[in-house]
**Q** 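The structure's right below; bear with me while I get my questions together.
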Amino acid sequence: QCADSASITIKVNNIPVISLGGDKEICPGQQIVLNPNATGFALQYHWQDGSSQPVYTATAVGDYSVSVSNQCGTASEDIIIEQGACKVYVPTGFTPNGDGLNDQFTITGQTYVKEFLLQVYNRWGQLVFASADATHGWDGMYKGMHQPPGVYIYKVRFTYLLTGEKYETGGTFALIR
């Protein structure tokens, strides 16, 4: 009897897999760098406008797509970039009841501001909340106590990040329990 053995090495080059993440929002003057999370070997990129770089800088609202190819196949992904809430809005009320919805009195569009200050006063003019952090809103508490439902006064001051414009306003809102 005769015996012989042989071995072979197989290298697998997978079909690409790609993800651009979820849809995004943009404001005038902003840029969003689309950096696809792609796996595979010897990848070639092809964006909707014909460019072939691994990353793409989006500067406007629109549909963006990329195809990633190698010798084993192609994977494609698209993303929609919509107009963001580029202005700051102050709500007219909030419900701090712990349900995870509208539990804080806070502005929307926080990512578009700097040099921020929010102050909340009760009906007697007593300051019950102040924050220089635009992402930190009032939860309806003062000195560890739930504040009663009613109308409260706010003052807000900030600078728009994109334009440098300073803004200051005030008004009323309702705390609803």
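Heavy atoms only: backbone and side chains are in, while hydrogens, waters and symmetry mates are out. None of these values were measured; they are calculated from a predicted model.
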**Q** How many angstroms lie between CD1 in Ile18 and OH in Tyr45, if you round to the nearest 0.5 Å?
**A**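 The distance works out to 6.5 Å.
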
**Q** Testing Gln104, Arg177, Met141 for side chain to side chain contact (heavy atoms under 4.5 Å, CB included) with Pro96, which one passes?
**A**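 Only one option passes, and that is Arg177.
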
**Q** Quick one, Gln119 and Leu117 - any side-chain contact, counting heavy atoms below 4.5 Å?
**A**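 The answer is yes; the side chains approach within 4.5 Å.
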
**Q** First locate atom CD1 of Ile80, then atom NZ of Lys24, and finally report the distance between them rounded to the nearest 0.5 Å.
**A**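 Those atoms lie 12.5 Å apart.
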
**Q** Looking at every heavy atom in both Ala58 and Ile26, which two are closest together, and how far apart are they?
**A**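 Taking Ala58 first and Ile26 second, the nearest heavy atoms are O-CD1, 3.8 Å.
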
**Q** Closest approach of Asp103 and Thr95, non-hydrogen atoms and distance?
**A**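 Shortest heavy-atom contact: OD1-O, 3.0 Å.
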
**Q** Do Tyr154 and Val90 come close enough that some side-chain heavy atom pair is under 4.5 Å?
**A**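 The answer is yes, as the side chains (C-beta and beyond) meet within the 4.5 Å cut-off.
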
**Q** Is the backbone N or O of Asn14 less than 3.5 Å from a side-chain atom of Asn70, with the two atoms forming a donor-acceptor pair by type?
**A**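 Pair found, side chain donor or acceptor close to backbone of Asn14.
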
**Q** To the nearest 0.5 angstrom, please state how far the OG1 atom of Thr135 sits from the CZ atom of Phe116.
**A**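 Answer for the OG1-CZ pair, Thr135 versus Phe116, is 9.0 Å.
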
**Q** Between Gln48 and Ser65 (side chain of the first, backbone of the second, donor and acceptor by atom type, cut-off under 3.5 Å), is there such a pair?
**A**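 Here the side-chain-to-backbone pair exists.
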
**Q** To the nearest 0.5 Å, how far apart are OH in Tyr64 and CD1 in Ile79?
**A**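 Result: 10.0 Å between the selected atoms.
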
**Q** Rounded to the nearest 0.5 Å, how far apart are CD1 of Ile81 and CG of Asp23?
**A**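 Nearest 0.5 Å value for the CD1-CG distance: 8.5 Å.
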
**Q** Just do the side-chain contact (heavy atoms from CB on, under 4.5 Å) check on Tyr160 and Val88 with the steps written out, would you?
**A** CA-CA 9 Å; Tyr160 276 107; Val88 172; 4.0 Å; yes

**Q** Assigning hydrophobic clusters by single linkage (Ile, Leu, Val, Met, Phe, Trp, Tyr; side-chain heavy-atom cutoff under 4.5 Å), is Val156 placed with Leu161?
**A**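 Val156 and Leu161: separate clusters.
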
**Q** Using the benzene-type ring in the case of Trp, are the ring centres of Phe129 and Tyr142 under 6.0 Å apart?
**A**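 Ring-ring flag for Phe129/Tyr142: false, centres at least 6.0 Å apart.
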
**Q** Can you pull the salt bridge (Lys or Arg N to Asp or Glu O under 4.0 Å) pairs that have at least one residue in residues 112-133, sequence neighbours excluded?
**A**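 Passing the test, one end in residues 112-133: Glu115-Lys166.
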
**Q** Using side-chain contact (heavy atoms from CB on, under 4.5 Å) as the criterion, list what pairs up with Gln53, not counting sequence neighbours.
**A**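 So Gln53 forms no side-chain contact (heavy atoms from CB on, under 4.5 Å) with any residue.
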
**Q** Side chain of Asn35, backbone of Val55: donor and acceptor closer than 3.5 Å?
**A**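 It does not hold such a pair.
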
**Q** Return each pair, listed once, that meets salt bridge (Lys or Arg N to Asp or Glu O under 4.0 Å) where at least one residue sits in residues 53-81; pairs must be two or more places apart or across chains.
**A**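 Listed once each, the pairs would be none.
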
**Q** Rounded at 0.5 Å granularity, tell me how far CD1 in Ile153 sits from CD in Gln126.
**A**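 Here the interatomic distance stands at 12.0 Å.
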
**Q** Quick one, Phe173 and Val151 - any side-chain contact, counting heavy atoms below 4.5 Å?
**A**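 Counting from C-beta outward, Phe173 and Val151 never come under 4.5 Å.
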
**Q** Any chance NZ of Lys155 has more than 12 other-residue heavy atoms, nucleotides or ligands included, within less than 6.0 Å?
**A**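 Counting neighbours around NZ of Lys155, 12 or fewer heavy atoms of other residues, nucleotides or ligands fall under 6.0 Å, so no.
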
**Q** Is any side-chain heavy atom of Phe105 closer than 4.5 Å to a side-chain heavy atom of Val120?
**A**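 Side chain of Phe105 against side chain of Val120, heavy atoms only: contact under 4.5 Å found.
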
**Q** Taking the side chain as C-beta and beyond, is there a heavy-atom pair between Pro16 and Leu43 under 4.5 Å?
**A**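 Result yes, sub-4.5 Å side-chain heavy-atom pair found.
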
**Q** So that I know where these two stand, are Tyr152 and Trp138 an aromatic pair - ring centroids less than 6.0 Å apart?
**A**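 Close enough - the centres of the two rings lie under 6.0 Å apart.
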
**Q** Does one hydrophobic cluster hold both Leu118 and Tyr121, with members joined at side-chain heavy-atom distances below 4.5 Å?
**A**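 As far as the 4.5 Å side-chain criterion goes, Tyr121 and Leu118 are not connected within one cluster.
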
